[in-house]
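For reference, the structure is listed below as structure tokens.
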Amino acid sequence: MRIQPTMPFLRTHSNNIQSVGRHTENRGKSSGAMQKDSYIQGSCDNHVTYGQEIKNKLPVCIESLKSESEEAYRSLKDIVVKLLERQGYCTEALKTEKLDNVVVDEIARTEAAELIAEDGPLGAESVSDRIVQFAMAISGGDKTKISLLKDAIDRGFSQVKNMLGQLPEVSLKTYDLIMEKLSQWEQEISE
């Protein structure tokens, strides 16, 4: 059986791990001669902890998450703008007028429902994934910061609840999924 070692100090001439330091049969020669495996100095380019590789990936990860969030927000904003335009308002009026009689029509209701559906970009699953990925990225993968991350998320959801009075069902489900995913990450064995 051929095993590809992941640690450089386990490599032998044949890249097989076969009783290092003892004689192994050289199957490539018909003379039956014995070949001894020996230590070959290797190098490890992968950073196991918080080396430059993780630091370099962090801004890319955060920018990607930011882009996804902005696209979802843009979709929601478009629904509102189109709703207002269908009712004869222009977006400039929002800056100066108070719009008391705006009615959410069936088109806007359907489009918004698609956004917050389970597979939608503002659905609980998608939003919780983005928040957890962001939390993992800003922590640098440090699981000792999970309680700090959970506290920050708690504060954020509390602030929104104070503004709205009550959170919609999709937000409550998102919160539960975030906490569940962070707990799962915390329990994963580091590789």
Side-chain angles (χ1 to χ4, degrees), residues 1-12 15-21 37-77 112-191:
M1 178 168 91
R2 186 177 181 126
I3 301 172
Q4 291 295 331
T6 57
M7 301 301 290
F9 58 85
L10 293 177
R11 290 191 189 113
T12 62
N15 253 357
N16 291 330
I17 299 181
Q18 301 173 345
S19 55
V20 176
D37 287 338
S38 60
Y39 172 79
I40 298 175
Q41 178 68 37
S43 66
C44 183
D45 295 331
N46 298 334
H47 297 282
V48 178
T49 58
Y50 312 116
Q52 193 63 34
E53 183 176 311
I54 289 176
K55 289 178 187 173
N56 288 341
K57 289 181 180 179
L58 182 62
V60 173
C61 177
I62 290 175
E63 282 304 313
S64 172
L65 293 169
K66 183 179 174 186
S67 176
E68 287 177 38
S69 293
E70 287 172 352
E71 180 59 35
Y73 170 73
R74 221 178 349 268
S75 298
L76 183 59
K77 184 178 172 184
E114 289 173 6
L115 282 178
I116 65 169
E118 287 203 27
D119 61 343
L122 293 177
E125 191 67 43
S126 295
V127 173
S128 65
D129 280 346
R130 284 193 299 272
I131 291 172
V132 170
Q133 289 171 2
F134 180 78
M136 292 169 71
I138 63 170
S139 73
D142 185 354
K143 292 181 183 182
T144 64
K145 295 182 180 177
I146 288 180
S147 64
L148 179 68
L149 295 169
K150 286 182 175 181
D151 288 344
I153 292 165
D154 278 337
R155 283 194 312 274
F157 273 82
S158 293
Q159 288 173 355
V160 172
K161 184 177 180 182
N162 289 338
M163 288 188 301
L164 299 177
Q166 182 178 346
L167 292 176
E169 182 182 332
V170 69
S171 297
L172 297 172
K173 186 173 182 180
T174 301
Y175 174 83
D176 291 341
L177 285 171
I178 291 167
M179 293 304 164
E180 180 182 312
K181 290 173 184 182
L182 286 173
S183 294
Q184 287 174 351
W185 177 49
E186 183 176 31
Q187 293 173 5
E188 286 178 4
I189 298 173
S190 299
E191 294 180 8

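Residue numbers run from 1 in the order of the sequence given.
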Checklist entry - Who pairs with Glu70 by salt bridge (Lys or Arg N to Asp or Glu O under 4.0 Å), at least two apart in sequence or on another chain? => result none
Checklist entry - In Å and rounded to the nearest 0.5 Å, what is the CZ to CD1 distance from Phe134 to Ile153? => result 10.0 Å
Next on the checklist: Run the side-chain hydrogen bond (donor to acceptor under 3.5 Å, both in side chains) test against Thr144 and tell me which residues pass, sequence neighbours left out.
Outcome noted: Asp142
Checklist entry - With sequence neighbours left out, which residue pairs that include part of residues 153-173 fulfil the salt bridge (charged side-chain N to carboxylate O under 4.0 Å, His left out) condition? => result Glu118-Lys173
Item to check | Pairs where residues 139-166 contributes a residue and the test ring-ring contact (aromatic ring centres under 6.0 Å, His included) is met, not counting sequence neighbours | outcome: Phe157-Tyr175
Checklist entry - If every non-hydrogen atom of Ser126 is compared with every non-hydrogen atom of Pro121, which pair is closest and at what distance? => result CB-O, 3.7 Å
Item to check | side chain to side chain contact (heavy atoms under 4.5 Å, CB included) involving Leu148 - partner list, sequence neighbours excluded | outcome: none
Checklist entry - Got a second to check how far Asn162's CG is from Leu167's CG, nearest 0.5 Å? => result 9.0 Å
Next on the checklist: Tell me every residue that passes side chain to side chain contact (heavy atoms under 4.5 Å, CB included) with Glu68, counting only those two or more places apart in sequence or in another chain.
Outcome noted: Ser64, Arg130
Next on the checklist: Among residues at least two apart in sequence or on other chains, which ones pass salt bridge (Lys or Arg N to Asp or Glu O under 4.0 Å) with Lys181?
Outcome noted: Glu125, Asp129
Item to check | CD-CG distance between Gln166 and Leu164, expressed to the nearest 0.5 angstrom | outcome: 9.5 Å
Checklist outcome for this item: Those residues at least two apart in sequence (or on a different chain) that pass side chain to side chain contact (heavy atoms under 4.5 Å, CB included) with Leu149 are Ala135, Ile138, Ser139, Trp185
Item to check | Lys150: partners by side-chain hydrogen bond (donor to acceptor under 3.5 Å, both in side chains), with sequence neighbours left out | outcome: Ser183
Item to check | Residue list, salt bridge (Lys or Arg N to Asp or Glu O under 4.0 Å) with Arg74, at least two apart or on another chain | outcome: Glu71
Next on the checklist: Measuring from atom CD of Gln187 to atom NZ of Lys143, what distance do you get when rounded to the nearest 0.5 angstrom?
Outcome noted: 9.5 Å
Next on the checklist: I need the Leu122 CG to Ser171 OG distance, nearest 0.5 Å.
Outcome noted: 10.0 Å
Item to check | Side-chain (Thr174) to main-chain (Val170) donor-acceptor, under 3.5 angstrom | outcome: yes
Checklist entry - About how many Å separate CD of Gln133 and CG of Leu65, when rounded to the nearest 0.5 Å? => result 5.5 Å
